[in-house]
Amino acid sequence: MYDKVVVIGSLNYDVCLKLERLPEEGETNFADSVEYCSGGKGANQAVQAAKLGVPVYMAGCIGEDASGDFLKKTVEGYGVRTEYLKRVPGNSGMSVAQSLYDGGIRASVVRGANDCVSRADIDELAKMITPETIVVFQLEIPIDTILYAIDLCREKGAFIILNGAPAAALPEETLKKLDLFIVNEVEASFYGDVQIDSVDTAKAEIRKMVQRLGTDCIFTLGKAGSVVCDGTETEMIPSKKVQAVESTGAGDSFIGGLCYALIRGMDLFEACRFATCCSAKTVCKTGGQPAMPTLEEVLEIYEGENT
Ligand SMILES: Nc1ncnc2c1ncn2[C@@H]1O[C@H](COP(=O)(O)OP(=O)(O)O)[C@@H](O)[C@H]1O
Ligand SMILES: [Mg+2]
């Protein structure tokens, strides 16, 4: 039914410092190590789908800097198509994180080139978008561009997924135009009107949201799993029991996995079970993109019959 994924979103050059404690105001201290990673929600989701082996195009902007070269090369290395990745003057998107051994983390993000994705870029993509295309958005590029692109994708009859992360105010009308809206529990509380602090509230809230929007929804609930609602059925999908070491990219891996599963013809609920296995593998390794599993690795824990 679907034959390719187009991710319209962000790419970030992630710098991650590992350190014992945060420096005090006015203090400079030593970090123990630094890691440079290709990240950004858009790129992460594209990479997960590509690692599983489906055709994936990444549309977005990178800077004319060395990090831009790195980002392009890295996602291409994972099999993501970059014909629609544009280079713009200035810096690429970037994040700097200070990561403590007790799991605490502080990070700041520079939007950089991600802020340059424009309506004109979407027009260039138009010929690629067909009813067989799954288009995936997150909220790390300009909202105006996203709203414009969603309208275009609607006209073209594509399947539209929006990951409402990071949470941002959006017109209710836009949420109603989606085929699938995916958020984690923190974002779900933002788009709904109740704090989601248990599986039971998640189930009640997701039903309300689906009714309000007329759009299928998924709430991911971290270690607890996820809830899925298509307007008729609501299902709780527990996470897989694994030795988790770091949750970076769990949600992005889930979405990339979901795209793969939809292309393979699984229904929404089965696709979520598959996506849950992708995330479970991802949280067992450190890092984002490098931690995401290949199809072979997912199949070790996925026991569905639709493979
Ligand atoms: N500790 C964990 N063990 C197993 N699976 C996990 C764990 N944390 C997250 N997951 C899986 O990853 C999915 C997405 O994680 P979540 O934290 O909700 O997303 P986000 O990264 O967007 O915050 C969850 O629905 C769950 O299936
Ligand atoms: Mg989470």
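Both ligands and their constituent atoms are indexed starting at 1 by order of listing. These values consider heavy atoms only, across backbone and side chains, with no hydrogens, waters or symmetry-generated copies.
Using a 4.0 Å cut-off to heavy atoms of Leu221, the atoms of ligand 1 that qualify are 18 (O). Each of the following atoms of ligand 1 lies closer than 4.0 Å to a heavy atom of Val242: 3 (N), 4 (C). Ligand-side atoms of ligand 1 in range of Ala244: 1 (N), range being under 4.0 angstrom from any heavy atom. Close approach to Gly225 involves these atoms of ligand 1, each under 4.0 Å from a residue heavy atom: 24 (C), 25 (O).
Below 3.5 Å of separation, one finds an N or O of Asn184 facing an N or O of ligand 1. The N/O atoms of Thr220, backbone and side chain alike, include one that comes under 3.5 Å of an N/O atom in ligand 1. Annotation: Val283 places no N or O atom under 3.5 Å from an N or O atom of ligand 1; distance criterion only. Checked against a 3.5 angstrom limit, the closest N/O atoms of Gly251 and ligand 1 fall inside it.
Using a 30° and 60° split on the angle between ring planes, Tyr2 and Phe159 fall in the tilted class, from 30° to 60°.
Of the protein's non-hydrogen atoms, the one nearest atom 7 (C) of ligand 1 is Lys223 CA, 3.8 Å. Of the protein's heavy atoms, Ser279 CB, 3.4 Å lies nearest to atom 11 (C) of ligand 1. With hydrogens left out, the protein atom closest to atom 4 (C) of ligand 1 is Lys240 O, 3.3 Å, a heavy atom. Protein heavy atom closest to atom 15 (O) of ligand 1, with residue, atom name and distance, is Ala250 CB, 3.6 Å.
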May I have the list of side-chain donor-acceptor pairs in residues 280-293 shorter than 3.5 Å, sequence neighbours left out?
from: Lys281; atom 1: NZ; to: Glu300; atom 2: OE1; distance (Å): 2.8
from: Thr282; atom 1: OG1; to: Ser253; atom 2: OG; distance (Å): 2.8
from: Thr282; atom 1: OG1; to: Cys278; atom 2: O; distance (Å): 3.1
from: Gln289; atom 1: OE1; to: Ser38; atom 2: OG; distance (Å): 2.7
from: Gln289; atom 1: NE2; to: Ser38; atom 2: O; distance (Å): 3.0
from: Gln289; atom 1: NE2; to: Ser38; atom 2: OG; distance (Å): 3.1
from: Gln289; atom 1: NE2; to: Asn44; atom 2: OD1; distance (Å): 2.9

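Remark: the Thr145 side chain and the Arg119 side chain contain no N/O donor-acceptor pair separated by less than 3.5 Å. At a cut-off of 3.5 Å, with distance as the only test, no side-chain donor of Ser33 or Lys18 sits close to an acceptor on the other residue. Ser10 and Lys41 share no donor-acceptor pair across their side chains, judged by distance under 3.5 Å alone. Using modelled atom types, one finds a donor on one side chain and an acceptor on the other under 3.5 Å when comparing Thr133 with Thr130. A side-chain N or O of Asp14 and one of Ser95 form a donor-acceptor pair less than 3.5 Å apart. Between the side chains of Asp123 and Tyr148, at least one donor-acceptor pair of N or O atoms lies under 3.5 Å.
If you run side chain to side chain donor-acceptor pair (under 3.5 Å) between Tyr302 and each of Glu270, Glu297, Arg273, only Glu270 comes through.
One option in Thr276, Ile182, Asn163, Asn44 has a heavy atom closer to atom 27 (O) of ligand 1 than any other, and that option is Thr276. Of the candidates Gly222, Ser239, Ala188, Gly222 brings a heavy atom nearest to atom 24 (C) of ligand 1.
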